[in-house]
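Right, one structure below, let's go through it.
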Amino acid sequence: MHKVLIIEDETQTRNLFLNCLKFEGFEALGADNGALGVQLAQQHHPELIVCDIMMPDMDGYQVLSTLRQHPVTSTIPFIFLTAKVTMPELRQGMTLGADDYLTKPCTIDDFLTAIATRLQRQAELQHQPSSDAPPVLNTSGAEGIFPNCPRLNSVFDFIEANYHQPLHLKDVAKVAGYSPAYLTHLMQTQTGRTFKQWLVERRMSEARILLLQTKQSIKKIAISLGYADPGYFNRQFRQHHGASPHGWRRQSHIESSLI
């Protein structure tokens with residue numbers, strides 16, 4: 001039975017979440033303030049903590065900072081619960097080690113999905129070898145373009161499996177178990193690129209292969225890579241390679257014939 005701690009000073013919201021968790025078979029603990037939440041986390045070692053940010057005396061940031069300083073609680077997945085989230089707040093939470101954000105009001109389905117997904121991701125991470133080294137290229141991917149980053153490998157796997165069809169940030173965020181805003185900042189922090197930039201990079205990699213190894217038309221290649229508008233594909237290709245797909249293909253074939 002998974003153990004989840006809810007730290008929320010609003011009684012109605014806290015009880016709603018606790019009752020939902022218990023109904024779904026979780027062992028649920030509740031705290032109405034940050035100090036009690038820290039105490040319960042240290043005593044009961046929950047597998048996941050959901051904590052409101054705006055609380056009197058000890059806010060969510062202080063709770064997270066305190067827990068991250070103790071070995072027993074330092075690795076517990078932590079989801080912030082907030083009525084709003086600005087980019088400075090997002091950066092502050094990530095710096096402290098938050099795993100995600102839930103925006104109030106949220107539906108019960110969103111709440112339970114975030115809980116289940118985060119517990120699943122934590123289980124997956126526990127089975128992966130830990131390393132303090134910076135991300136390295138994963139040569140098993142197309143041309144080794146994706147970095148090997150445990151917190152983002154599910155994102156890159158999703159891109160690899162679906163780059164040939166229209167993709168949106170919210171789709172991959174849902175699969176990875178992050179909110180779109182958190183995923184965007186996480187990818188920029190970990191890799192220096194956004195989801196869209198990685199998606200385009202993967203598509204450009206495949207485009208080069210198709211241009212060199214097939215006689216497919218530019219329009220057919222664009223459609224096969226998930227571009228509904230071939231003109232948009234042409235513009236993106238030119239931005240990446242300094243030439244149109246047709247011009248790049250012709251020049252590459254000329255260079256190959258001279259070797």
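Proximity of a side-chain donor or acceptor of Asn19 to a complementary backbone N or O of Asn15 within less than 3.5 Å is detected. In this structure, the side chain of His241 engages the main chain of Phe237 through a donor-acceptor pair within 3.5 Å. For the pair Gln188 (side chain) and Thr194 (backbone), a donor-acceptor distance under 3.5 Å is absent. Not a single donor-acceptor pair under 3.5 Å links the side chain of Thr113 to the backbone N or O of Asp110. For Gln62 (side chain) and Asp59 (main-chain N/O), a donor-acceptor pair under 3.5 Å exists by modelled atom type. Between the side chain of Arg249 and the backbone N or O of Leu211, at least one donor-acceptor pair lies under 3.5 Å.
At a threshold of 4.5 Å between non-hydrogen side-chain atoms, the residues Arg203 and His164 do not count as touching. Arg202 has its side chain within reach of Glu160: a pair of non-hydrogen atoms, C-beta onward, lies under 4.5 Å apart. Side-chain atoms of Met55 and Val63, non-hydrogen and from C-beta on, do get closer than 4.5 Å to each other. Annotation: side chain of Leu29 is not in contact with side chain of Ile6 (no heavy-atom distance under 4.5 Å). Under the 4.5 Å side-chain criterion, counting only non-hydrogen atoms from C-beta, Leu112 is in contact with Leu21.
Electrostatic pairing of Lys104 and Asp52 counts as a salt bridge here, judged by a charged N lying under 4.0 Å from a carboxylate O. Residues Asp109 and Lys174 are not paired through a salt bridge, judged by the lack of any N-O separation under 4.0 Å between the basic side chain and the carboxylate.
When all heavy atoms of Met58 and Gly34 are compared, the closest pair comes out as SD-C, 3.6 Å. Residue Gly37 comes nearest to Leu5 through the heavy atom pair O-CD2, 3.5 Å, listed as atom of the first residue, atom of the second, then distance. The nearest pair of heavy atoms linking Leu64 to Ala98 is CD2-N, 3.6 Å.
Atom CG of Asp229 sits in a crowded spot, with more than 12 heavy atoms from other residues, nucleotides or ligands closer than 6.0 Å. Counting non-hydrogen atoms of other residues, nucleotides and ligands closer than 6.0 Å to CD of Gln165 gives a total above 12.
Ring pair Phe80/Phe78: centre-to-centre distance below 6.0 Å. Separation of the Tyr101 and Tyr178 ring centroids does not fall under the 6.0 Å cut-off.
Counting only N and O atoms by type, the side chains of Asn148 and Asn153 include a donor and acceptor under 3.5 Å apart. For the residue pair Gln69 / Ser65, a side-chain donor-acceptor distance below 3.5 Å is found, with atom types taken as modelled. Defined by atom type and a distance below 3.5 Å, a donor-acceptor pair is missing between the side-chain atoms of Ser154 and Asp157.
Between His2 and Phe26, the ring planes lie tilted relative to each other; the angle falls in the 30° to 60° range. Between Phe233 and Tyr227, the ring planes lie tilted relative to each other; the angle falls in the 30° to 60° range.
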Original post:
Which is it for Lys196 and Glu201 under the salt bridge (charged side-chain N to carboxylate O under 4.0 Å, His left out) test, yes or no, and what are the steps along the way?
Top reply: CA-CA 8 Å; Lys196 182 178 180 181; Glu201 185 69 27; over 6 Å; no
